Amino acid sequence: MEKRDLRVVYMGTPEMSARVLEHVIQAGYNVVGVIARIDKPVGRKKIIEKVPTKLMAEKYGIPVFQPLKIRLDYEFVRDLKPDIILTMAYGQIIPKGLLEIPKYLALNLHASILPAYRGAAPIQRAIWNGEKESGVTLMEMVEAMDAGRMFKIRTFPIDINDNFAMVCDKVVDASNKLVDEDIMPIVSGQNLGEVQDETRVTFADKIRPEDEKIDLNKETVNEFVNHVRALSPNIGAYLFLNGKKIKFFHVQKYDDVIDKVGKLTVGEKVLLALKDGHVEIKTLQLDGKKIMDASAFKNGYRAFDGAILD
């Protein structure tokens, strides 16, 4: 079978998944339908915007389906007669009945080196935990979360300055290589995969609002830096300054000098004291203000020198 003969139903939602979808299309696969989460309001004005995979599918004239709850509404997939389902960051648990529809099997591009970091937030959790390497696993989808056979893993390094967006770029590149080289051997039966070692399983829980708050009593300099990297550039990790949120988007280790924990220094550099040293603040955002770099903060908020963050 050639790629052009393989009927693919693609499931995914965010920008990262849309980029992989485009590669699947351009690689010559016959994408007969795209399933995405529903469109949601965006920004302060709550304007409804199409999700990225929907926009990509429409660009190529591919039908899009957006069931509110996929576990209750998936029978339409039978009419698409898929040979495989390929999922990448869809955003809902996929029911067993849907997984049984394709002629061959349902595959998932999972952004971790399985069996580590099963779950909803493998990229963020890997960065947060200071991992030096991650990857994408092409795996069989089964009823249990991220527990199916592994067919191929493509790895990449996580550099010390990589944030979430940067690692997402690496995930896309690794996923594209899997699409190019590793799907057809599965379909043809050449690659039978291997069972995951359940003794090595770890989980990557969804990022929740409370995860954005930094705990100065617990986090070291390195942990603080990793926390910020994991939530940048879109979410940010925060503390409170005079009762209002101050978010951090780019920080780096500065020194090992001990000072009062939470003390902000606004001098030649903008520094924050932690229990084992200082971090240098490169990019931040005050509540109700735009994101600014350290130079802009120094120019407008030097009066905060010596303030204690909590």
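This structure is a prediction, so every number in the text was calculated from the model and none was measured. Sequence positions, counted from 1, serve as the residue numbers for this chain.
- Every residue was checked against the ring pair (Phe, Tyr, Trp, His ring centres under 6.0 Å) condition with Y60, not counting sequence neighbours, and none meets it.
- Think of V201 as one node in a network of Ile, Leu, Val, Met, Phe, Trp and Tyr side chains linked at under 4.5 Å; its network also takes in M145, F203.
- Looking at residues two or more places apart in sequence or on another chain, you find no salt bridge (charged side-chain N to carboxylate O under 4.0 Å, His left out) involving E223.
- Under the rule for a ring pair (Phe, Tyr, Trp, His ring centres under 6.0 Å), Y29 has no partner lying at least two apart in sequence or in another chain.
- D5 pairs by the salt bridge (charged side-chain N to carboxylate O under 4.0 Å, His left out) definition with nothing, not counting sequence neighbours.
- Side chains of R37 and Q66 form no contact here, defined as non-hydrogen atoms less than 4.5 Å apart.
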Can you give the donor-acceptor pairs under 3.5 Å from side chains of residues 115-135 to other protein atoms, not counting sequence neighbours?
| unit_1 | atom_1 | unit_2 | atom_2 | d |
| --- | --- | --- | --- | --- |
| Y117 | OH | N129 | ND2 | 3.0 |
| Y117 | OH | E131 | OE2 | 2.7 |
| R118 | NE | D146 | O | 3.2 |
| R118 | NE | Q196 | OE1 | 3.3 |
| R118 | NH2 | Q196 | OE1 | 3.0 |
| R118 | NH2 | E198 | OE2 | 2.8 |
| R125 | NE | D205 | O | 2.9 |
| R125 | NH2 | D205 | O | 3.3 |
| R125 | NH2 | K206 | O | 3.2 |
| R125 | NH2 | D211 | OD2 | 3.1 |
| N129 | ND2 | R125 | O | 3.3 |
| K132 | NZ | G130 | O | 3.3 |

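- Residues satisfying the salt bridge (charged side-chain N to carboxylate O under 4.0 Å, His left out) test with E15, not counting sequence neighbours, are none.
- With sequence neighbours excluded, no residue forms a ring pair (Phe, Tyr, Trp, His ring centres under 6.0 Å) with F151.
- Contacts of N163 classified as side chain to side chain donor-acceptor pair (under 3.5 Å), with partners at least two apart in sequence or in another chain: none.
- Evaluation of the ring pair (Phe, Tyr, Trp, His ring centres under 6.0 Å) rule for F164 yields no partner, not counting sequence neighbours.
- L80 forms part of a hydrophobic cluster together with V9, M11, V32, I35, F65, I70, Y74, F76, V77, I85, Y90, I94, L98, L99, I101, M141, judged by ILVMFWY side-chain heavy-atom separations under 4.5 Å.
- Considering only residues two or more places apart in sequence or on other chains, K289 meets the salt bridge (charged side-chain N to carboxylate O under 4.0 Å, His left out) condition with none of them.
- The cationic group of K170 does not satisfy the cation-pi geometry with F156, failing either the under 6.0 Å distance to the six-membered ring centre or the 45° limit from the ring axis.
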Decide yes or no on salt bridge (Lys or Arg N to Asp or Glu O under 4.0 Å) for K275 and D259, but give the supporting numbers first.
CA-CA 8 Å; K275 62 182 183 179; D259 201 346; over 6 Å; no
